[in-house]
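Here the structure is laid out as structure tokens; the discussion comes afterwards.
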Amino acid sequence: MQEILTQEIQLNSSKISVFIRREDLIHPIVSGNKFRKLKYNLLQAKAEKQQTLLTFGGAYSNHIAAVAFAGKENGFKTIGIIRGDELESKIAKNPTLKFAQECGMQFEFVTREDYRHKTEAGFLENLKNKFGSFYLVPEGGTNEFAVKGCEEILTEADSQYDFVCCAIGTGGTISGIINSILPHQKVLGFPALKGDFLKDEIRNFARNENWELINDYHFGGYGKVNPELIAFMNQFYAENKVPLDPIYTAKMIFGVMDLIEKGYFPENSKILLIHTGGIQGIAGMNLKLKAKKLPIIDFQ
Ligand SMILES: *Cc1c(COP(=O)(O)O)cnc(C)c1O
């Protein structure tokens with residue numbers, strides 16, 4: 001992969017410097033980290049001579065968009081099991097599903113109740129009967145192959161940073177980053193959702209101890225936002241010309257900026273933020289905000 005741009009972030013006054021790795025620029029629609037998480041999964045699917053990728057996701061899932069696109073690019077059929085049977089009639093109004101469908105993804109809409117059983121043997125057996133043989137990519141894409149792909153986010157030149165910060169959904173991305181840091185570095189993870197189970201998830205994959213989860217910036221839970229966060233995103237864009245996504249990266253960077261103000265980081269710290277992408281989700285979020293007559297994400 002080509003070298004990914006890193007840019008410095010404007011801070012008011014501080015003896016700390018902050019840089020952002022623009023993984024969001026890997027592709028305009030497919031999230032940076034989802035691309036990395038799929039790389040070795042696609043190689044494995046090919047090695048297993050599978051022709052179809054099957055995966056799971058919600059209405060605005062970056063992962064669904066990524067699998068649909070990567071499948072098309074690499075000659076796989078793709079099937080998306082989508083949470084929420086009410087969405088079937090609303091594909092045209094949903095930017096994520098519309099994009100996935102245009103990439104050739106075939107959908108199976110299931111109720112929220114059925115979706116909860118998606119990893120059970122019986123559920124998967126039914127899918128095999130219906131669709132034939134497939135390579136299963138887990139929800140959010142996290143497995144050992146995904147972590148291996150995310151071990152390629154940091155490069156040798158990144159040894160200059162003291163802290164590496166990233167947003168967390170399922171924990172695959174941060175696990176890859178943790179596995180590739182050096183002993184003098186620390187990884188800070190900012191969960192985009194509530195729940196302490198993530199620690200155990202990460203321990204399954206992570207091979208060292210230099211990491212910490214910061215649980216104070218989930219803004220009420222997965223997919224939840226408030227006007228303060230939206231205002232932060234708009235201001236961050238105005239100052240840095242970097243678009244953030246409302247589900248993951250905005251919450252993480254809001255958190256880092258807040259911690260800087262509170263004196264969390266030692267003087268002269270050099271911090272690297274990983275922009276994991278997610279920009280495709282903005283259109284869907286703005287539809288929801290508009291419906292509630294709330295301020296929208298507006299990059300100008
Ligand atoms: C999925 C996603 C994450 C979370 O990655 P995990 O490996 O699931 O922790 C972070 N940022 C963006 C933009 C994503 O799409």
Side-chain angles (χ1 to χ4, degrees), residues 4 20-41 55-70 95-96 99-100 137-154 164-180 187-206 211 213-215 217-219 221-223 225 229 233 242-256 273-285 297:
I4 311 293
I20 187 164
R21 170 69 34 83
R22 299 290 310 275
E23 294 266 309
D24 58 309
L25 297 177
I26 290 177
H27 187 271
I29 292 172
V30 181
S31 270
N33 72 330
K34 298 298 184 294
F35 226 88
R36 301 216 181 249
K37 291 171 84 167
L38 283 171
K39 176 177 168 184
Y40 290 104
N41 274 295
T55 196
F56 310 98
Y60 299 101
S61 165
N62 294 328
H63 171 67
I64 287 290
V67 171
F69 182 81
T96 303
F99 170 77
V137 186
E139 184 183 35
T142 289
N143 58 14
E144 59 182 304
F145 298 111
V147 172
K148 184 174 172 191
C150 292
E151 288 171 8
E152 296 173 356
I153 293 175
L154 295 183
V164 180
C165 302
C166 80
I168 303 180
T170 59
T173 305
I174 192 173
S175 296
I177 291 171
I178 289 168
N179 289 344
S180 58
V187 181
L188 300 183
F190 293 75
L193 64 169
K194 288 191 216 170
D196 237 8
F197 61 95
L198 280 171
K199 253 195 178 142
D200 295 328
E201 274 297 297
I202 295 166
R203 285 206 186 100
N204 279 338
F205 296 110
W211 55 277
L213 297 191
I214 302 203
N215 282 303
Y217 300 99
H218 56 63
F219 285 77
Y222 187 77
V225 300
L229 185 69
M233 293 174 68
V242 179
L244 302 178
D245 90 291
I247 314 289
Y248 295 102
T249 55
K251 293 180 180 181
M252 179 268 289
I253 295 174
F254 184 101
V256 172
L273 312 170
I274 306 297
H275 191 324
T276 36
I279 300 306
Q280 72 87 28
I282 290 174
M285 177 61 76
I297 303 159

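Just follow the structure's listing: the first ligand is 1, and inside any ligand the first atom is 1.
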Measure the distances from the heavy atoms of [X] to every atom of ligand 1 and state whether one is below 4.0 angstrom.
X: Ile168; value: yes
X: Lys37; value: yes
X: Asn33; value: yes

Under 3.5 Å, is there a donor-acceptor pair between the side chain of [X] and the main chain of [Y]?
X: Asp245; Y: Thr276; result: no
X: Lys199; Y: Leu213; result: no
X: Glu151; Y: Ser175; result: no
X: Lys251; Y: His218; result: yes

Quiz item: Tell me: protein heavy atom nearest atom 8 (O) of ligand 1, and distance?
Solution: Thr170 OG1, 2.6 Å
Quiz item: Tell me: protein heavy atom nearest atom 12 (C) of ligand 1, and distance?
Solution: Tyr248 CD1, 3.2 Å
Practice problem: Starting at SG of Cys150, measure out to CD of Glu23 and round the result to the nearest 0.5 Å. | Solution: 8.0 Å
Quiz item: Could you state the interatomic distance from CG (Asn143) to CZ (Phe205), rounded to the nearest 0.5 Å?
Solution: 6.5 Å
Quiz item: Can you list the atoms of ligand 1 that are under 4.0 Å from a heavy atom of Gly278?
Solution: 13 (C)
Exercise. Please could you name the atoms of ligand 1 that Asn62 approaches to less than 4.0 Å, counting only its heavy atoms?
Key: 13 (C), 14 (C), 15 (O)
Using a plain distance cutoff, I'd like to know if [X] has any nitrogen or oxygen under 3.5 Å from a nitrogen or oxygen of ligand 1.
X: Lys34; value: yes
X: Ala167; value: no
X: Gly169; value: yes
X: Thr173; value: yes

Exercise. Using a 4.0 Å heavy-atom threshold (strictly under), name the region of Thr276 that reaches ligand 1: side chain, backbone, both or neither.
Key: both
Quiz prompt | side chain to side chain donor-acceptor pair (under 3.5 Å), paired with His63, selected from Thr55, Thr142, Thr96, Asn33 | solution = Thr55
Self-check item: The single option from Glu139, Lys37, Glu201 passing side chain to side chain contact (heavy atoms under 4.5 Å, CB included) against Thr170
Solution: Lys37
